[in-house]
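Some notes on the structure that comes next.
Sequence lines set the chain letters: A, B, ... in the order given, protein chains first and strands last, and positions in each chain run from 1.
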Protein chains: 2
Amino acid sequence: MPKVLVVDDDAHIRELVRLYLEDEGIEVVQKRNGAEALEYAENHSPDLVVLDIMMPGMDGWDLCAKLRELGDMPILMITAKDELADRIKGFKLGTDDYLVKPFDPTELTLRVKALLKRYRITCSQTVQLGDLQLDRKSYQVVYKDGLEVTLPMKEFELLYKFGSYPGQLFTRDHLIGEIWGKDYEGDERTVDVHIKRLRERFAEHESDFRIVTLRGLGYRLEVCRD
Amino acid sequence: MPKVLVVDDDAHIRELVRLYLEDEGIEVVQKRNGAEALEYAENHSPDLVVLDIMMPGMDGWDLCAKLRELGDMPILMITAKDELADRIKGFKLGTDDYLVKPFDPTELTLRVKALLKRYRITCSQTVQLGDLQLDRKSYQVVYKDGLEVTLPMKEFELLYKFGSYPGQLFTRDHLIGEIWGKDYEGDERTVDVHIKRLRERFAEHESDFRIVTLRGLGYRLEVCRD
DNA sequence: GCTTTTGTTCATACTGAGTTCATACAAATG
DNA sequence: CATTTGTATGAACTCAGTATGAACAAAAGC
């Protein structure tokens, strides 16, 4: 399920966008300003960002530039007026598409879907984890020396999750929700088994990270620095 | 060098586009109408098509639909007026982007470049796959020793797809959408059979690649390193 | 027409990822 | 230190997902 971050100071617009996108099975997260958006993007890596140029505080341009530093998620800009100069500036900053206010929500939906589709194909989602590289396109773990190992789905998803947010605590509940799906009706303890398998998988390789148990809370990935 | 097909009955516009795109190192081919454009596209597979909706004879909509049958090259439409209904219709037909007349050539250039980048255009219609070479025009596989084998369409398209993105995971759903067409209403499992046939076709030849199953996910082409 | 090639569906067997479970272990609590 | 609570682990089990052969359909050659 794709996750789209919508950044606008106008709650009405955010809601409008949410309504339409959720109809298409897209998860929508709303933020009011650049600072909040940036913080969210850092921790949750949305699949796409819809942002308004005119915002108090950090404006759309700054946010766009900062988001580009985080990764290459597609960005769709909403401009108040159809200024060509703005559009050119945006393209140079790495924006992928434009909409001019007032926009038709249907068109927004279509453009978002088109971008998401393209992004899936062209952008490799990869996470660096010490000497390892996790490639979501191939579900492979690539070692520093070039050795490639394909992990089972759940194991990969878990490691990818941990690797995306090193140091962050994940409750079993949260992991189940994100990886298994919110309507999973099995035993929460199955997470333990997969963690165990991940541990023994990388135990032999003297890896520079480990998954730590926080008793009563969950798990956390710890990167060992030398 | 990317190759862009520009379709418009107005020679001035074609020339304008040509001037700007060639400045960016893009090869431009001009056609005056839908019929000519279609014939060209069939034989030369441009990397991107810029087309005007308003044309005598076959209009932009028809051309767009027919181009889509040929392949999934990106299409940028030029509309005379900014009609939302048109844009929505276009998106449904598979258009990737829009420009409204009169447009700024600079913006056209930016959008064309963005689209090409998004599609990660590779201009050759052949794919090297270890010792094999896949020629999309003839649906032939050429072996290192010069032996040429013509594959059945589906098998070739599959192998070509895999060969174009080695290591990348493809879900059955995605393969069906790209090769069979988005409105295919058959059993998804038919992919399995074609994969199986591809496997047994190249099993005897000791090939340096293989199609790997990712349980619950799809398939992936793995190139064996020596 | 007929044969051959290509594509799809189906039934069956098979595999292994994912789950569950029982037990052993470790950490907190009083 | 005894008890409780939470976690680790090995192994068994289950079943969704896959491989495969063959039958069937449809198109392309002859």
Listing time: all N or O pairs from protein to nucleotides 9-14 of chain D that are below 3.5 Å?
unit_1	atom_1	unit_2	atom_2	d
dG10(D)	N7	Lys196(A)	NZ	3.3

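Rounded to whole Å, the distance from CG on Asp173(B) to P on dG17(D) is 14 Å. Summarising the geometry, the separation between CZ on Phe170(B) and C1' on dT18(D) is reported as 19 Å, rounded to the nearest angstrom. When the P atom of dT18(D) is taken as reference, atom CE of Met153(A) falls 9 Å away, rounded to whole Å. Computed from coordinates, the Ile195(A) CD1 to dG18(C) C1' distance equals 14 Å when rounded to whole Å. Note: CG (Leu158(A)) to C1' (dA17(C)) measures 13 Å, nearest angstrom. Atoms CD (Glu185(A)) and C1' (dT19(C)) sit 15 Å apart, rounded to a whole Å. In this entry the distance linking CD1 of Ile211(A) with C1' of dT7(D) reads 14 Å, nearest Å. If you take CG of Leu217(B) and C1' of dG16(C), they are 14 Å apart, rounded to a whole angstrom.
The side chain of Tyr139(B) contributes no N or O atom lying less than 4.0 Å from OP1 or OP2 of dT6(C). For Thr213(B), a side-chain nitrogen or oxygen approaches OP1 or OP2 of dA19(D) to under 4.0 Å. Distances shown here put a side-chain N or O of Tyr184(A) below 4.0 Å from the OP1 or OP2 atom of dT19(C). Applying the 4.0 Å criterion to OP1 and OP2 of dG7(C), one finds that Trp180(B) has every side-chain N and O outside that range. Between dT8(C) and His194(B), a contact under 4.0 Å exists linking OP1 or OP2 to a side-chain N or O.
Gln133(A) and Gln140(A) share no side-chain donor-acceptor pair at under 3.5 Å.
Side chain of Ser138(A) to backbone of Leu169(B): no donor-acceptor contact under 3.5 angstrom is found. The closest donor-acceptor contact from the side chain of Arg14(B) to the backbone of Asp8(B) lies under 3.5 Å.
Heavy-atom nearest nucleotides on DNA chain C were determined for Pro152(B) and for Thr190(A), and the one closer to the 5' end corresponds to Pro152(B). When each of Lys154(B) and Glu188(A) is assigned the nucleotide of DNA chain C bearing its nearest heavy atom, the one mapping closer to the 5' terminus is Lys154(B).
The Arg172(A) side chain lies nearest to dT7(D) when the options are dT7(D), dA19(D), dG7(C).
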Step by step, work out the side chain to side chain contact (heavy atoms under 4.5 Å, CB included) result for Leu63(B) and Leu38(B). CA-CA 7 Å; Leu63(B) 181 57; Leu38(B) 195 59; 4.2 Å; yes

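Other residues, nucleotides and ligands place no more than 12 heavy atoms under 6.0 Å from the CZ atom of Arg210(A). Around CD of Glu24(A), the count of heavy atoms belonging to other residues, nucleotides or ligands within 6.0 Å exceeds 12.
Remark: Arg136(A) qualifies as a cation-pi partner of Tyr160(A) under the 6.0 Å distance and 45° angle criteria applied to the six-membered ring.
In this structure, Phe156(B) reaches neither bases nor backbone, as no heavy-atom distance under 4.0 Å exists between it and the strands shown. Residue Leu214(B) is classed as a sugar-phosphate contact, given heavy-atom separations below 4.0 Å to backbone atoms only.
Of the candidates Arg201(B), Arg197(B), Arg199(B), Arg201(B) is the only one forming a salt bridge (Lys or Arg N to Asp or Glu O under 4.0 Å) with Glu155(B).
With the end axes of the helix from dG1(C)-dC30(D) to dG30(C)-dC1(D) each set by five pairs, the angle from one to the other reads 30° at 10° resolution.
Aromatic rings of Phe209(B) and Phe202(B) (six-membered ring for Trp) have centroids within the 6.0 Å cut-off, being under it. Less than 6.0 angstrom separates the ring centroid of Phe156(A) from the ring centroid of Tyr139(A).
Donor-acceptor pairing under 3.5 Å, judged by distance alone, is present between the side chain of Arg215(A) and the base of dA27(C).
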